[in-house]
Amino acid sequence: MASEEQILKSIKSRDKQVLELVVDKHCLLLWKICQKSQNDPLVSERLVTEVFQQLWQNPEKFTGEKKLLLLLILCCKEKIAELGNETKNHFSKDESDSSQK
């Protein structure tokens with residue numbers, strides 16, 4: 001596979017084949033990371049899809065000193081945290097709605 005700099009340059013140029021290579025290489029690991037915090041495989045799949053969508057839409061966020069895989073993992077963990085916050089907010093809202101009745 002090409003260097004990470006070349007990979008990101010290709011993704012910025014909208015090379016879908018390069019993105020597919022990145023997805024094929026890292027998808028399973030990211031899914032396993034999600035699965036550790038989620039019991040639903042479909043939720044894990046959705047989170048991983050969101051990570052790769054973010055890579056496609058904002059490849060500049062995946063540049064820097066850190067390796068691409070690490071940045072993908074960090075993005076994945078952010079998505080997991082966001083989902084956790086959404087769930088907490090949803091339950092908090094439900095509890096406050098029921099206590100007002």
Worksheet item: How long is the gap from CD on Glu50 to CG on Leu30, to the nearest 0.5 Å?
Response: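 Answer rounded to 0.5 Å: 12.5 Å.
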Fill in: Gap separating the NZ atom of Lys12 from the CG atom of Leu55, nearest 0.5 angstrom
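The CG atom of Leu55 is 10.5 Å from NZ of Lys12, to the nearest 0.5 Å.
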Of all heavy-atom pairs between [X] and [Y], which one has the smallest distance, and what is that distance?
X: Ser44; Y: Trp31; result: CB-NE1, 3.4 Å
X: Pro41; Y: Gln35; result: CA-OE1, 3.5 Å
X: Trp56; Y: Lys16; result: CH2-CG, 3.7 Å

Practice prompt. Give me the one residue out of Glu20, His26, Lys25 that meets side-chain contact (heavy atoms from CB on, under 4.5 Å) with Val22.
Written response: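 Checked Glu20, His26, Lys25 against Val22; only one passes side-chain contact (heavy atoms from CB on, under 4.5 Å): His26.
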Item to complete: Go through Ile80 and Ile33 one step at a time and tell me if the side chain to side chain contact (heavy atoms under 4.5 Å, CB included) criterion holds.
Response: CA-CA 9 Å; Ile80 292 167; Ile33 290 169; 4.2 Å; yes
Donor-acceptor list for residues 59-75 side chains, cut-off 3.5 Å, not counting sequence neighbours:
| unit_1 | atom_1 | unit_2 | atom_2 | d |
| --- | --- | --- | --- | --- |
| Thr63 | OG1 | Glu60 | O | 2.8 |

Worksheet item: Taking only residues two or more places apart in sequence or in another chain, which ones pass side chain to side chain donor-acceptor pair (under 3.5 Å) with Gln38?
Response: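 In terms of side chain to side chain donor-acceptor pair (under 3.5 Å), with neighbours along the sequence ignored, Gln38 is linked to no residue.
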Worksheet item: Does NZ belonging to Lys32 count more than 12 external heavy atoms closer than 6.0 Å?
Response: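 No - once you tally the heavy atoms of other residues, nucleotides and ligands closer than 6.0 Å, there are 12 at most.
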Discussion item. Could you check whether atom CG of Asp40 has more than 12 heavy atoms from other residues, nucleotides or ligands sitting under 6.0 Å from it?
Written reply: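 Yes.
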Discussion item. Any non-hydrogen side-chain atom of Leu47 less than 4.5 Å from a side-chain atom of Val51?
Written reply: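 Contact flag for Leu47/Val51 side chains = no.
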